[in-house]
Protein chains: 2
Amino acid sequence: MKFYTNKMLSNSSKYALKAVMYLALHTEENNKMMVKDISERINVPKAYIAKLLQELAKRKIISSAKGPKGGFYSSPSNKNRTIMEVIEVIDGKKKMESCVLGLEDCNEQHPCPIHSLIGPLKSKMIDLLDSKTINDLAQDLALNKVFLPI
Amino acid sequence: MKFYTNKMLSNSSKYALKAVMYLALHTEENNKMMVKDISERINVPKAYIAKLLQELAKRKIISSAKGPKGGFYSSPSNKNRTIMEVIEVIDGKKKMESCVLGLEDCNEQHPCPIHSLIGPLKSKMIDLLDSKTINDLAQDLALNKVFLPI
DNA sequence: AAAAAAACATGATATTAATCATATAAAGGA
DNA sequence: TCCTTTATATGATTAATATCATGTTTTTTT
């Protein structure tokens, strides 16, 4: 058995986050980018990222325009969506919320051992992802505080 | 799309942890338990948990004995293994360690936005899982500080 | 209008993880 | 020693996720 990737997020939501970040940094309403180019820049297969971009656009995490000169872009209001919203659009809600052991009857008042151990940290993670907007991270990137090593 | 379980751990390692905890609480060398009974108690399909128990026994996370009066049990030295070791036996190493976005070139010195955001909390989680032994959690269970709502 | 360029919608295939099944080997009791 | 009991080894099947492919619709340009 060999696993080398962290599974807190699905591949799909990882790709989605990369694309969303990339668009937030490099596009705007009069500077759109086509699937083909996005795919190359963020290094994700075209057909795969296309599907995700469509879903993200439908849910207003990014914007899109059809036809010549069309493409995807990130509007100011798009950038106000949170990181958790990006994840939820792709992976669905509750994914990160349930008990780490998947136990139905585990909760704060009646916690399983693992819950008691890492529950508080998990809550903090969720709070962070809930409070940070795409724009927040884009700013960090613009200031070279972090990088997008695609 | 619908996902209701937290995927930080695979189903397999969740089941393994349940079994390990159960055995730590309810068995010892002269009080073994058969697959069939373990399966019923922790509510995991027999054939599935059997395979996991075999792997755990091979890697000395639990103990086993064949033949009549045989079964699985948890010895004192088994109980000194850490929670992370249980996870690693089943899910493989590094699973929890890599970048949340799965980016090759992301690290402490050159972090991606998400890494920078939740990396410290993830490190704390890993430290906890590394430092807690099966015995530690079994004690918490014995003292009714936590529960095993199987 | 008509043609071309793009996203949109839908579904097919491939890969991986989860689940199940069974034949083999070891241990203990008659 | 032989039969029963139990874990062990191995592999088959099913389900979920990831990946790819293609026809349809909308928009712009000529």
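Please read all numbers here as calculations on a predicted model, not as lab measurements. Sequence lines set the chain letters: A, B, ... in the order given, protein chains first and strands last, and positions in each chain run from 1.
Nucleic acid contact class of B:K51 (heavy atoms, under 4.0 Å, all strands): base. Within 4.0 Å (heavy atoms only), B:K58 reaches sugar-phosphate atoms of the nucleic acid but no base atom.
Closest to the side chain of B:A47, out of D:dA21, C:dC20, C:dA18, is C:dC20.
Note: CG (A:D91) to P (D:dA16) measures 16 Å, nearest angstrom. Atom CD of A:E55 and atom P of C:dA9 are 9 Å apart (whole Å). Rounded to a whole Å, the CG atom of B:L23 is 11 Å from the P atom of D:dA7. Rounded to whole angstrom, the span from the CG atom of A:L52 across to the C1' atom of D:dT17 amounts to 12 Å. To the nearest angstrom, P of C:dC8 lies 8 Å from CD1 of A:I62. Summarising the geometry, the separation between CG on B:L56 and P on D:dA7 is reported as 14 Å, rounded to the nearest angstrom. Counting to the nearest Å, the P atom of D:dT8 and the CZ atom of B:R59 are 14 Å from each other. D:dT27 atom C1' lies 11 Å from atom NZ of A:K32, rounded to whole Å.
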- Quick one, give me the B/S/- string for nucleotides 2-7 of chain C, reading 5' to 3', where B means a protein heavy atom under 4.0 Å from the base and S means that only happens at the primed atoms, P, OP1 or OP2. ---BBS
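If you find the closest nucleotide of DNA chain D to A:Y48 and to B:A50, the one lying nearer the 5' end belongs to B:A50.
OP1 or OP2 of D:dT17 has not a single side-chain nitrogen or oxygen of A:N11 nearer than 4.0 Å. Between C:dA18 and B:Y15, no contact under 4.0 Å exists linking OP1 or OP2 to a side-chain N or O.
Residues satisfying the ring pair (Phe, Tyr, Trp, His ring centres under 6.0 Å) criterion with B:F72, sequence neighbours excluded, are absent altogether. By the salt bridge (Lys or Arg N to Asp or Glu O under 4.0 Å) test, A:E40 is found to be paired with A:K36, residues two or more places apart in sequence or in another chain being considered.
Between atom CD1 of residue A:I42 and atom CG of residue A:L17 there is a gap of 10.0 Å, rounded to the nearest 0.5 Å.
Aromatic ring orientation, B:Y48 versus B:Y15: perpendicular (interplanar angle above 60°, classes split at 30° and 60°).
Around the CD atom of B:E29, the shell of radius 6.0 Å holds no more than 12 heavy atoms that belong to other residues, nucleotides or ligands.
At a cut-off of 3.5 Å, with distance as the only test, a side-chain donor of B:S63 or B:N78 sits close to an acceptor on the other residue.
For the residue pair A:A16 and A:L52, the shortest heavy atom distance occurs at N-CD1, 4.3 Å.
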